[in-house]
*Asks:* 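Mind having a look at this structure? Questions to follow.
Please read these numbers as outputs of a predicted model, since none were measured by experiment.
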Amino acid sequence: QGYKSFASAATVLEGFRKSPPTASMSTEIVVRPDGVGVLTMNNAPVNSLATSMVESFEVNFKKLVADSQVKAIVVTGAGNFFCGGAEISEFSKITSKGPEAFKDESPVQGLCSVMDVVDASPKTVVAAVNGAALGGGLEVALACHYRVGAPAANVGFPEVQLGLLPGGEGTQRIPRIAPLEVALPMLLTGAPLKMDKAVKAGVVDAIAKDKATVVDEAAQMALSRPPAPISKRPVSQANRFKALGGALDMALVQASNQAKGMIAPEAIITCVRAACSSMSFQEGLKVEAKEFTKLLFSVQSAALRHLFFAERLAQKVPGNKAAPGPMAKVGIVGAGLMGGGIAICFVQKGVSVVLKDAKQEWLDAGMKNIMAIWTGQVKRGRLSEAKAKEYAGLIKPTLAYEDFADCDIIIEAVPEIMPLKKEVFQALDKHTKPDALICTNTSGLNIDEIAAELKDPSRCMGTHFFSPANVMQLLENVRTAKASDKTVATCMAMGKLISKKAVLVGNCDGFVGNRM
């Protein structure tokens, strides 16, 4: 059943009692031989807190609390996620009722009720954070009495990026366990914390040896510690002093400067101010519910939620069911600003790159520029020297087209001169494997004319990166007239691989971005 944390899963599973499957449920419970009940959130792909999940969670959690054979409880997630947070698509159902419907309760009262049930459990509850715990997912973890995280997991509150705040009691819990200098950036920027920093800040109690043992270690903690609900913990004197001393006002000014016109930061500060005041936990929750309701029904949040879905929809190609080709090794023609930036995109994802230019001095200059970017990141503390060295080792500079022989993707990034691009494509046709994806980086040239230089133009796409390519998120993938479904699928998957917002566009003057 996916419980790989046990040394001998087949043997141990025989001792488990499992909840019967129910169509409407999206959590499962088992009871381990040591008496620890494990509740697993299972709502692929990110275990989002859909209504069915929340309802299932409450029902199954109460079963574990009522079971006399259950000594303690562990909450975890299926697959690679602990929980990705709210099911954002359900917000439209909530807003259709109008703000008047939520005068006396939170729009996400069902979720808050589950948090209260977990928080009030007479049995110790430990979150086994096996993967990312984001937004409502982190709020679930904070409703548990303790938290054990897998080394590669992270935690965060990305709600502000949707013009919202954590509405599942997160604004009242996080100031009770983390210093404001950690809690405020989490709430105001949406930036996640890696597990080592989360433990240091007190957000998570311990790091497991690895992902496979996180449930085991959480179970051990659950059996060895008494319940300790965060709702009963006072906000530290240090946090209260910082709040009174102007830390909240300063944080709001910084947030306003970084995201001008955004209304969510002020609402978040209002909630944190309530948490750090003389208000009780329950009184603070009323402030949170009021501020969350304002934001949820705001035009700004509606626009940001629309953008969230639009960006994801734009990366899908209706009707194309082809599987993408391999992307293990990438070749790039042109070591200039654009080619170097594209190389960085792949290398920083662990992909080997062959970087070619026509002259050694051009190639040397390109490598120097790439290394200068990583050296600068090392100096600013954003990259370790070891990682920079590792990145450099993934690039093979060359003057020979023959070195592209085993590349899965080749991106031409030479100047916008049609005869030059045609010359490059003629050479690529001779020195690449027949199923390699061949792309041209252009901002406006006719890609069909360039693709015609290949014996098989169906393997050609346009890839319009925006400069600097290693920074700008947008990638226009330009479909050529003869591009196969596999070619399109591979090009779109490539954009996802390097964390670009890849959008499929047609081959016309200026494509879409430049026309706008």
Side-chain angles (χ1 to χ4, degrees), residues 327-380 382-433 436-445 447 449-451 453-454 460-472 475-476 494 498 500:
M327 295 177 282
K329 192 172 185 179
V330 173
I332 298 171
V333 185
L337 178 63
M338 181 59 74
I342 296 172
I344 290 172
C345 293
F346 285 98
V347 167
Q348 291 184 170
K349 295 297 182 179
V351 179
S352 297
V353 168
V354 177
L355 182 62
K356 182 195 179 300
D357 217 319
K359 295 182 179 181
Q360 187 64 50
E361 55 265 36
W362 296 348
L363 191 59
D364 291 342
M367 285 300 299
K368 184 178 180 181
N369 289 336
I370 292 171
M371 293 306 302
I373 290 173
W374 289 329
T375 300
Q377 291 178 347
V378 170
K379 289 180 179 178
R380 293 190 296 273
R382 296 175 57 187
L383 187 70
S384 68
E385 290 187 11
K387 200 67 178 178
K389 187 175 181 181
E390 178 186 330
Y391 286 164
L394 287 172
I395 302 180
K396 178 182 179 180
T398 185
L399 297 174
Y401 280 105
E402 287 80 2
D403 288 326
F404 291 145
D406 61 344
C407 288
D408 301 307
I409 300 172
I410 298 90
I411 300 173
E412 165 269 304
V414 301
E416 295 277 74
I417 303 170
M418 180 62 85
L420 176 59
K421 287 184 179 285
K422 287 184 175 182
E423 180 184 330
V424 169
F425 263 58
Q426 291 167 5
L428 290 175
D429 205 31
K430 296 176 183 177
H431 298 291
T432 57
K433 54 187 182 181
L437 172 65
I438 309 295
C439 303
T440 175
N441 178 72
T442 176
S443 59
L445 294 179
I447 297 173
E449 185 177 341
I450 300 171
E453 299 299 320
L454 301 174
C460 179
M461 285 281 288
T463 48
H464 180 202
F465 287 84
F466 290 76
S467 186
N470 54 302
V471 175
M472 302 298 284
L475 169 62
E476 286 185 311
M494 177 195 74
I498 57 177
K500 297 296 184 187

*Asks:* How far apart are the closest heavy atoms of Gly331 and Cys407, and which atoms are they?
*Replies:*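 Closest pair (atom of Gly331, atom of Cys407, distance): N-SG, 3.7 Å.
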*Asks:* Would you say the side chain of Cys439 lies within less than 4.5 Å of the side chain of Glu412, judging by non-hydrogen atoms?
*Replies:* no
*Asks:* Show your working on side chain to side chain contact (heavy atoms under 4.5 Å, CB included) between Ile395 and Phe346 and close with a plain yes or no.
*Replies:* CA-CA 10 Å; Ile395 302 180; Phe346 285 98; over 6 Å; no
*Asks:* Which pair of heavy atoms, one from Ile410 and one from Ala436, lies closest together, and at what distance?
*Replies:* CD1-CB, 3.9 Å
*Asks:* Check whether more than 12 heavy atoms from other residues, nucleotides or ligands sit under 6.0 Å from atom CD of Glu402, and answer yes or no.
*Replies:* yes
*Asks:* Checking side chain to side chain contact (heavy atoms under 4.5 Å, CB included) for the pair Thr442/Lys421: CA distance, chi angles, key distance, verdict?
*Replies:* CA-CA 10 Å; Thr442 176; Lys421 287 184 179 285; 4.3 Å; yes
*Asks:* Atom CG in Leu363, atom NZ in Lys359: separation rounded to 0.5 Å?
*Replies:*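 With rounding to 0.5 Å, CG (Leu363) is 13.0 Å from NZ (Lys359).
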*Asks:* Evaluate side chain to side chain donor-acceptor pair (under 3.5 Å) for Glu385 paired with Trp374, printing each intermediate quantity in order.
*Replies:* CA-CA 9 Å; Glu385 290 187 11; Trp374 289 329; over 6 Å; no
*Asks:* Using the rule given for side chain to side chain contact (heavy atoms under 4.5 Å, CB included), can you reason through Ile411 versus Val333, listing the C-alpha separation, both sets of side-chain angles and the distance that settles it, and then say yes or no?
*Replies:* CA-CA 6 Å; Ile411 300 173; Val333 185; over 6 Å; no
*Asks:* Can you give me the closest heavy-atom contact between Leu454 and Cys460, atom names plus distance?
*Replies:*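 Closest approach of Leu454 to Cys460, heavy atoms only: CD1-CB, 3.8 Å.
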*Asks:* Taking atom CD of Gln348 and atom CD of Gln377, what is their separation to the nearest 0.5 Å?
*Replies:*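 One finds 6.0 Å between CD of Gln348 and CD of Gln377.
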*Asks:* Just checking Arg382: does its CZ atom have more than 12 heavy atoms from other residues, nucleotides or ligands closer to it than 6.0 angstrom?
*Replies:* no
*Asks:* With a 4.0 Å cut-off on N to O distance, would you call Lys433 and Asp408 a salt bridge?
*Replies:*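 Asp408 and Lys433: salt-bridged.
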*Asks:* With side chains defined as the heavy atoms from C-beta onward, is the minimum distance between Met494 and Leu475 less than 4.5 Å?
*Replies:* yes
*Asks:* So Thr432 and Tyr401, do their side chains get closer than 4.5 Å, heavy atoms only?
*Replies:*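 Side chain of Tyr401 against side chain of Thr432, heavy atoms only: no contact under 4.5 Å found.
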*Asks:* Got a second to check how far Leu337's CG is from Ser467's OG, nearest 0.5 Å?
*Replies:*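 Output value for this atom pair is 4.0 Å.
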*Asks:* Looking only at non-hydrogen atoms, find the nearest pair between Asp429 and Glu453 and report the distance.
*Replies:*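 The pair with the smallest heavy-atom distance is OD2-O, 3.9 Å.
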*Asks:* Determine the minimum heavy-atom distance between Ala392 and Met371, stating which atoms define it.
*Replies:* CB-SD, 3.7 Å
*Asks:* Nearest 0.5 Å please: distance from the NZ atom of Lys500 over to the SG atom of Cys345.
*Replies:* 3.5 Å
*Asks:* Applying the salt bridge (charged side-chain N to carboxylate O under 4.0 Å, His left out) test to Asp403, which of Lys396, Lys329, Lys356 qualifies?
*Replies:* Lys396
*Asks:* In Å and rounded to the nearest 0.5 Å, what is the NZ to CD1 distance from Lys422 to Ile450?
*Replies:* 8.5 Å
*Asks:* How many angstroms lie between atom CD1 of Ile498 and atom CE of Met327, to the nearest 0.5 angstrom?
*Replies:* 10.0 Å
*Asks:* Looking only at heavy atoms, which two atoms of Ile370 and Ala343 are closest? And how far apart?
*Replies:* CD1-CB, 4.4 Å
*Asks:* Quick one: do Ile332 and Phe404 satisfy side chain to side chain contact (heavy atoms under 4.5 Å, CB included)? Show the steps, please.
*Replies:* CA-CA 9 Å; Ile332 298 171; Phe404 291 145; over 6 Å; no
